[in-house]
Engineer: 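Let me begin by handing over the structure; questions about it come next.
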Amino acid sequence: MFVSINKKIIYSILFLFLFTSIIFVSTFYIVYGNKIQEEQLYSIQRNQQYIDLLYRNINMIKDFRTIVLENPKLKIDENIKTTIFASEESQLKELSNRKEQMAKINQSFDERYQAIQTSLQIFGISSILLFITIILVGYLISRWVLMPINRISAVSESVSRGNLKIRIKNPKKTYFKDELDNLTNTFNLMLDNLESVIHEVKDKEAFLQALIDSIPDGIRVIDKNYNIIIANKAYYNQTGNKQIKCYKSSQNIDHPCNEQTHLCPLHTLLQQKTQNVRFIQQFNKHPERHLSINAAPLTHYGKKRYIVESIRDLSDDINFSHQQKLSSLGFLSTSIAHEMKNQLGALRMILERLKDKYYEDKPNTAEDKKLLELVHSGLINCIDIPERLLKLTRNSSSEISNIDCISSIKDVINLLDFEAKSKGIVITFEHPDKTLYIRGNEADFKMVGINLILNALKAIENTGQINISLKATSQKILINFADTGIGISKQDINRIFDPFFSNGADNNSKGNGLGLSISKSIVEKAGGHISVKSTLGKGSVFTLSFPLIKNLAKN
């Protein structure tokens, strides 16, 4: 319960005053009054005894006088006789004096009692004056001390709630300033400085937040208790929440990450004294996305108390690599078309002119005419090669259309057939007679086929086969790419779709590790699914599954 200092002082003074007054009056009345009463009682008793003796003496003298008068023959000393016959009057006078003395003593006691009552009246009046003085002193204390303290207390409470605009108002306009006036001015000056410093700190925090928010990669700072101290917008977009604990934010779990399932940079950097660590991880919000996390310790006051993480969504790198491949392929196609098409076109014109001039009249069964037709057909096919490359890169990555699966796969096989044959590898393609369509981007779909066939060509060390099969069910289109290569180990098969992962046998066979990641991204973007089965030493089978567009299926 809150009790102001003003009330405490007034109540304490009043209680002390009443307690002291009661003790004083009680002690004064009991001790001094009882003493007076005892003295009065003792004096009355003594005078009463003296009076009783006088009465008895007078009566005895009367009796003795009567005896003397009745017995005149009785011989009595003259002094005694004189006392007997003369003392009655003196005794009566002495009795009268004693009574007057008792009256004076009683009057003296009455006066002393009256003095006590007067003293009590004076004490009562003094108490009233003292009470008024206490009230006046309490008012002055309240005005000069407690009211300024209350103002300072009220402002302090408001400041503790975050209001830095408030200031202490000092209503006193006087030249005689006291310590509380100086304290008030100092407190206001302190608030001015505090507000200025906090504004400066907030501006720096806002600048820091704006600075890290401008970074496209996710940024977060974690303390040793797994608390996220600061993070940027890119990180919150990656996690989809603003949880305090890092494991709750990224993995949506209520305990620190298990080292067997998720690599913890905090544990690695702080406990194992590592300088930095880099790894790939998935967050709970987008488990299909692969995030590259670079973590390093932050040294503060000479101690490693925080971890800074830079989190990059590899989807952008995957898309960039995909676009780069398409761009390179387009540049290659343009170069080939520019360098070859004109020359091949000129040869075609020359060959057709020779046919028209020298072989027009010859029958088609003539051997030389057949050979010339074969040369002409081969020349036409050579001219079609750059056309197919241009067709592969002509479509925009954002252009969605109905893709003829059979035709697109055949175009990919035609592009890579020469490289396969040069390595002694045979590519076969099994498909139904009816045309099958899926919905997506044709260039992307062809890029998936190119990536899978190229990987198969790298996986086959000597001669071998690549068998491509296409079939349709009631709901899906299934495309299998089977090879007789070296296969994939069990510890690597779950990681082959991770960005920048490559299981090539040597550096020459290793790529950048993005081919399968790009393929997976393209297939899922088209609403499909990619899976793999592999036996080490025997080969692998990649299966693409797409939803079937029934109304476009033709027999």
Side-chain angles (χ1 to χ4, degrees), residues 1-44 104-199:
M1 181 177 64
F2 177 79
V3 180
S4 66
I5 298 178
N6 190 13
K7 292 182 179 180
K8 287 182 178 180
I9 293 176
I10 292 176
Y11 291 163
S12 298
I13 293 175
L14 288 176
F15 175 77
L16 182 61
F17 170 73
L18 292 175
F19 181 74
T20 306
S21 299
I22 292 171
I23 293 177
F24 175 76
V25 172
S26 300
T27 304
F28 180 80
Y29 185 79
I30 293 172
V31 176
Y32 190 66
N34 288 342
K35 185 177 180 181
I36 293 175
Q37 287 180 353
E38 290 176 358
E39 290 178 356
Q40 184 181 17
L41 180 61
Y42 176 74
S43 178
I44 291 172
K104 289 180 180 181
I105 291 173
N106 289 331
Q107 184 179 359
S108 176
F109 281 110
D110 292 338
E111 290 176 356
R112 292 174 69 179
Y113 273 116
Q114 185 65 34
I116 293 174
Q117 294 178 356
T118 303
S119 299
L120 292 176
Q121 291 176 358
I122 294 172
F123 180 78
I125 294 172
S126 301
S127 300
I128 294 173
L129 293 176
L130 181 60
F131 182 74
I132 294 173
T133 303
I134 290 173
I135 293 176
L136 179 60
V137 171
Y139 170 75
L140 295 177
I141 292 175
S142 175
R143 181 174 178 82
W144 291 344
V145 179
L146 300 181
M147 290 178 64
I149 292 177
N150 288 335
R151 287 195 294 269
I152 295 174
S153 177
V155 172
S156 300
E157 184 178 358
S158 181
V159 170
S160 67
R161 293 195 296 266
N163 183 11
L164 298 177
K165 300 292 185 181
I166 193 171
R167 295 294 183 272
I168 302 173
K169 295 180 180 180
N170 193 353
K172 293 190 297 182
K173 297 180 180 179
T174 178
Y175 294 103
F176 303 101
K177 294 184 178 180
D178 53 23
E179 291 83 355
L180 290 176
D181 293 327
N182 293 333
L183 178 61
T184 299
N185 295 331
T186 304
F187 195 86
N188 287 335
L189 180 61
M190 181 189 68
L191 289 179
D192 293 338
N193 295 333
L194 181 62
E195 184 180 11
S196 176
V197 170
I198 289 179
H199 278 310

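Just so it is clear, the model here is predicted, and its values are computed rather than measured.
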Engineer: Please report the interatomic distance CG(L136) to CD1(I132), rounded to the nearest 0.5 Å.
Structural biologist: 9.5 Å

Engineer: Please round to the nearest 0.5 Å and tell me the distance separating atom CD1 of I198 and atom CG of N193.
Structural biologist: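 Nearest 0.5 Å value for the CD1-CG distance: 11.0 Å.
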
Engineer: Could you state the interatomic distance from CG (N188) to CZ (R167), rounded to the nearest 0.5 Å?
Structural biologist: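 Interatomic distance, N188 CG to R167 CZ, rounded to 0.5 Å: 6.5 Å.
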
Engineer: Hey, what do you get for CD1 (I166) to CD (E195), rounding to the nearest 0.5 Å?
Structural biologist: 11.5 Å

Engineer: What is the distance from atom CD1 of I149 to atom OG1 of T184, rounded to the nearest 0.5 Å?
Structural biologist: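 OG1 of T184 is found 9.5 Å from CD1 of I149.
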
Engineer: Once rounded to the nearest 0.5 Å, what's the spacing between atom OG1 of T186 and atom CG of L191?
Structural biologist: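 It comes to 11.0 Å.
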
Engineer: With a cut-off of 3.5 Å and sequence neighbours excluded, list every side-chain donor-acceptor pair involving residues 152-159.
Structural biologist:
unit_1	atom_1	unit_2	atom_2	d
S156	OG	I152	O	2.7
E157	OE2	R161	NH1	3.3
S158	OG	N163	ND2	3.2

